Amino acid sequence: QVQLIESGGGLVQAGDSLRLTCAASGLTFSNYAMAWVRQAPGKEREFVAIVSFSSLTKYYADSVKARFIISRDNAKNSVYLQMNNLKPEDTALYYCAASAAVVLDPHQMRAWGQGTQVTVSS
């Protein structure tokens with residue numbers, strides 16, 4: 001049974017930083033690209049970032065480029081999202097997702113965590 005457990009969310013002020021962690025189990029972690037996807041209230045899920053199994057390929061949404069950094073540690077079955085200079089528009093539920101390929105469409109991702117809430121006040 002695949003489990004993806006996110007942690008690290010919270011309430012912060014604009015300009016602050018947070019680091020999200022996703023711990024994976026029940027899958028061969030190094031075989032999957034890993035992504036972060038977010039969903040704000042009343043909106044659809046939005047791609048944030050993805051990293052290939054080897055960490056050689058990374059993509060970011062334009063809205064987070066130069067502020068967020070995705071990374072992974074295959075030895076720890078974990079993926080991270082370092083979020084810097086947070087803005088109120090980053091407020092959302094952040095999901096970790098596993099994907100068989102490096103894709104930008106959340107509908108193509110195979111497994112999901114329960115999410116961790118990030119709230120940024122102005």
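The structure displayed is predicted, hence computed values, not measured ones.
Scanning both residues, K43 and Q39, for their nearest heavy atoms gives O-NE2, 3.0 Å. When all heavy atoms of S121 and P88 are compared, the closest pair comes out as C-CG, 4.5 Å.
Side-chain contact between V51 and V79: present, with at least one pair of heavy atoms (C-beta onward) separated by less than 4.5 Å. Under the 4.5 Å side-chain criterion, counting only non-hydrogen atoms from C-beta, W36 is in contact with I70. Counting heavy atoms from C-beta on, the side chains of Y59 and V102 come closer than 4.5 Å. No side-chain heavy atom of T119 sits less than 4.5 Å from a side-chain heavy atom of V12. Between I50 and K58, the closest side-chain pair of non-hydrogen atoms is not below 4.5 Å. Between V37 and P106, the closest side-chain pair of non-hydrogen atoms falls below 4.5 Å. The side-chain heavy atoms of L18 and L86, taken from C-beta on, include a pair separated by under 4.5 Å.
The neighbour count for F53 CZ, taken as heavy atoms of other residues, nucleotides or ligands under 6.0 Å away, does not exceed 12. Shown here is Q114, whose CD atom has no more than 12 heavy atoms of other residues, nucleotides or ligands within 6.0 Å.
Sorted pairs that involve residues 113-122 and meet salt bridge (Lys or Arg N to Asp or Glu O under 4.0 Å), not counting sequence neighbours, are lacking altogether. Among residues at least two apart or in separate chains, side-chain hydrogen bond (donor to acceptor under 3.5 Å, both in side chains) pairs with a member in residues 86-103 are R38-D90, R38-Y94, R67-D90.
Annotation: side-chain contact (heavy atoms from CB on, under 4.5 Å) contacts of D105 (sequence neighbours excluded): H107, Q108. Applying the side-chain contact (heavy atoms from CB on, under 4.5 Å) test to S25 and every residue at least two apart in sequence or in another chain returns Q3. Looking at residues two or more places apart in sequence or on another chain, you find a side-chain contact (heavy atoms from CB on, under 4.5 Å) between A98 and L4, L27, Y32, M34, A111. For S30, the side-chain contact (heavy atoms from CB on, under 4.5 Å) partners at least two apart in sequence or on another chain are T28, N74.
Of the possible polar contacts, one joining the R72 side chain to the F29 backbone as a donor-acceptor pair under 3.5 Å is found. At least one donor-acceptor pair under 3.5 Å links the side chain of E6 to the backbone N or O of C96.
By the rule that hydrophobic residues join a cluster once side-chain heavy atoms approach within less than 4.5 Å of another member, F47 and I69 end up as members of separate clusters. Hydrophobic clustering, with ILVMFWY side chains joined whenever heavy atoms are under 4.5 angstrom apart, keeps L93 apart from V48. Linking Ile, Leu, Val, Met, Phe, Trp and Tyr residues whenever their side-chain heavy atoms come within less than 4.5 Å leaves V64 and Y80 in two separate clusters.
Note that NZ of K65 and OH of Y60 are 10.0 Å apart. Values are rounded to the nearest 0.5 Å. The line from CZ of F68 to OG of S63 is 7.5 Å long, rounded to the nearest 0.5 Å. The CG atom of D16 lies 10.5 Å from the CG atom of N84; values are rounded to the nearest 0.5 Å.
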Could you go through the side-chain contact (heavy atoms from CB on, under 4.5 Å) check for R19 and L81 one step at a time?
-> CA-CA 6 Å; R19 188 187 194 219; L81 186 68; over 6 Å; no
Report the C-alpha separation of T116 and T21 in whole Å, then their side-chain angles, then the decisive distance to 0.1 Å, and conclude whether the side-chain contact (heavy atoms from CB on, under 4.5 Å) test is met.
-> CA-CA 9 Å; T116 184; T21 297; over 6 Å; no
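Side-chain polar atoms of D73 and S78 form no donor-acceptor pair below 3.5 angstrom.
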